[in-house]
Trainee: 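The structure follows.
The model shown is predicted, which means the values in this text are computed figures rather than measured ones.
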Amino acid sequence: KGPTPRWREQYSKQAKSFVNVGQPANDTSWKIPVGMSFEIVPLSDPRAIVKGDIAQFLVLRDGRPVANFPVGSVGAARKSARLDRTDANGIVRIPATIVGRWMLRATDLRRPPAGTDADWESVFTTLSLNVVARRGL
């Protein structure tokens with residue numbers, strides 16, 4: 001048996017969460033990318049996702065859509081995660097199957113720029129939200 005291969009990784013974690021506070025009128029700030037290098041952006045109000053909806057999200061890397069990329073999702077009451085892929089336009093569709101807290105996650109693992117003291121560079125991104133039982137909650 002030979003030596004264990006070396007693994008040096010440089011990573012960052014980027015997180016975003018949406019929470020209802022009161023009833024803000026006409027707030028569409030949720031659809032504006034915040035400028036993270038790897039980001040999940042809702043395509044409809046993430047505070048109004050209802051059980052049974054197919055929620056859509058845009059995955060961006062450096063501000064551009066990422067095609068055919070795996071995105072995991074898990075509801076707090078589920079025992080296992082679901083894995084879906086973005087389409088050619090960087091959009092992933094997630095069925096909201098249960099009520100409660102959800103987290104979407106994706107990891108971009110690639111070779112770092114030349115001169116970096118690491119073998120790999122990874123960026124983790126998450127988006128958390130709450131799925132409600134019916135409209136207006």
Trainee: Minimum heavy-atom separation for Ala15 to Thr126, with atom names?
Mentor: CB-OG1, 3.3 Å

Trainee: Stepwise, does the side-chain contact (heavy atoms from CB on, under 4.5 Å) test hold for Lys16 with Ile40?
Mentor: CA-CA 8 Å; Lys16 188 167 28 173; Ile40 301 170; 5.7 Å; no

Trainee: Identify whether Ile91 and Val66 are in the same connected component of the hydrophobic contact network (ILVMFWY, side-chain heavy atoms under 4.5 Å).
Mentor: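 No, separate clusters.
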
Trainee: Please check if Phe38 and Leu60 belong to a single hydrophobic cluster, counting links between Ile, Leu, Val, Met, Phe, Trp and Tyr side chain heavy atoms closer than 4.5 Å.
Mentor: no

Trainee: Test side-chain contact (heavy atoms from CB on, under 4.5 Å) on Arg61 and Asp108 and set out the steps.
Mentor: CA-CA 9 Å; Arg61 181 189 309 144; Asp108 183 22; 3.0 Å; yes

Trainee: Please answer: with hydrophobic residues joined when any side-chain heavy atoms are less than 4.5 Å apart, are Val123 and Phe69 in the same cluster?
Mentor: yes

Trainee: Would a 4.5 Å heavy-atom cut-off, applied to side chains only, mark Leu127 and Pro42 as touching?
Mentor: yes

Trainee: Please say whether the positively charged group of Arg110, taken as NZ for Lys or CZ for Arg, lies over the ring of Trp120, i.e. under 6.0 angstrom from the six-membered ring centre and within 45 degrees of the axis.
Mentor: no

Trainee: I'd like to know whether Glu39 forms a side-chain contact (heavy atoms from CB on, under 4.5 Å) with Gln14, so could you lay out the CA-CA distance, the side-chain angles of the two residues, the decisive distance to 0.1 Å, and finally the verdict.
Mentor: CA-CA 8 Å; Glu39 182 171 5; Gln14 302 177 7; 5.7 Å; no

Trainee: Out of curiosity, Asp27 CG to Asp45 CG, how far, rounded to the nearest 0.5 Å?
Mentor: 7.5 Å

Trainee: Quick one: closest heavy-atom pair of Pro46 and Phe18, and the distance?
Mentor: CG-CG, 3.5 Å

Trainee: Would you say Asp119 and Arg111 make side-chain contact, with heavy atoms under 4.5 Å?
Mentor: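 In short, these two side chains touch, coming nearer than 4.5 Å.
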
Trainee: Do Val74 and Val132 land in one hydrophobic cluster if side-chain heavy atoms of ILVMFWY residues count as linked below 4.5 Å?
Mentor: no

Trainee: Nearest 0.5 Å please: distance from the OG1 atom of Thr86 over to the CG atom of Asn68.
Mentor: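 Here the rounded value is 6.0 Å.
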
Trainee: Identify the two heavy atoms, one from Asp87 and one from Arg93, that lie closest to each other, and give their separation to 0.1 Å.
Mentor: OD2-NH1, 3.0 Å

Trainee: Please report the shortest heavy-atom distance between Ile98 and Val131, naming the atom on each side.
Mentor: O-CG1, 3.4 Å

Trainee: Do Thr97 and Arg82 come close enough that some side-chain heavy atom pair is under 4.5 Å?
Mentor: no

Trainee: Looking at Pro65 and Asn89, what are the two nearest heavy atoms and their distance?
Mentor: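 It is CB-O, 3.3 Å.
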
Trainee: Do the side chain of Asp53 and the main chain of Ala55 share a donor and acceptor less than 3.5 angstrom apart?
Mentor: no

Trainee: Hey, does Leu104 have a side-chain heavy atom less than 4.5 Å from the side chain of Phe57?
Mentor: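 In contact.
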
Trainee: Does Val41 share a hydrophobic cluster with Ile49, counting links as ILVMFWY side-chain heavy atoms below 4.5 Å and allowing steps through other members?
Mentor: no

Trainee: Quick check for you: to the nearest 0.5 Å, what is the distance between Ser128 atom OG and Arg105 atom CZ?
Mentor: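 That separation rounds to 12.5 Å.
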
Trainee: Shortest non-hydrogen contact from Ala67 to Ala88?
Mentor: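 For Ala67 versus Ala88, the nearest heavy atoms are CB-O, 3.6 Å.
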
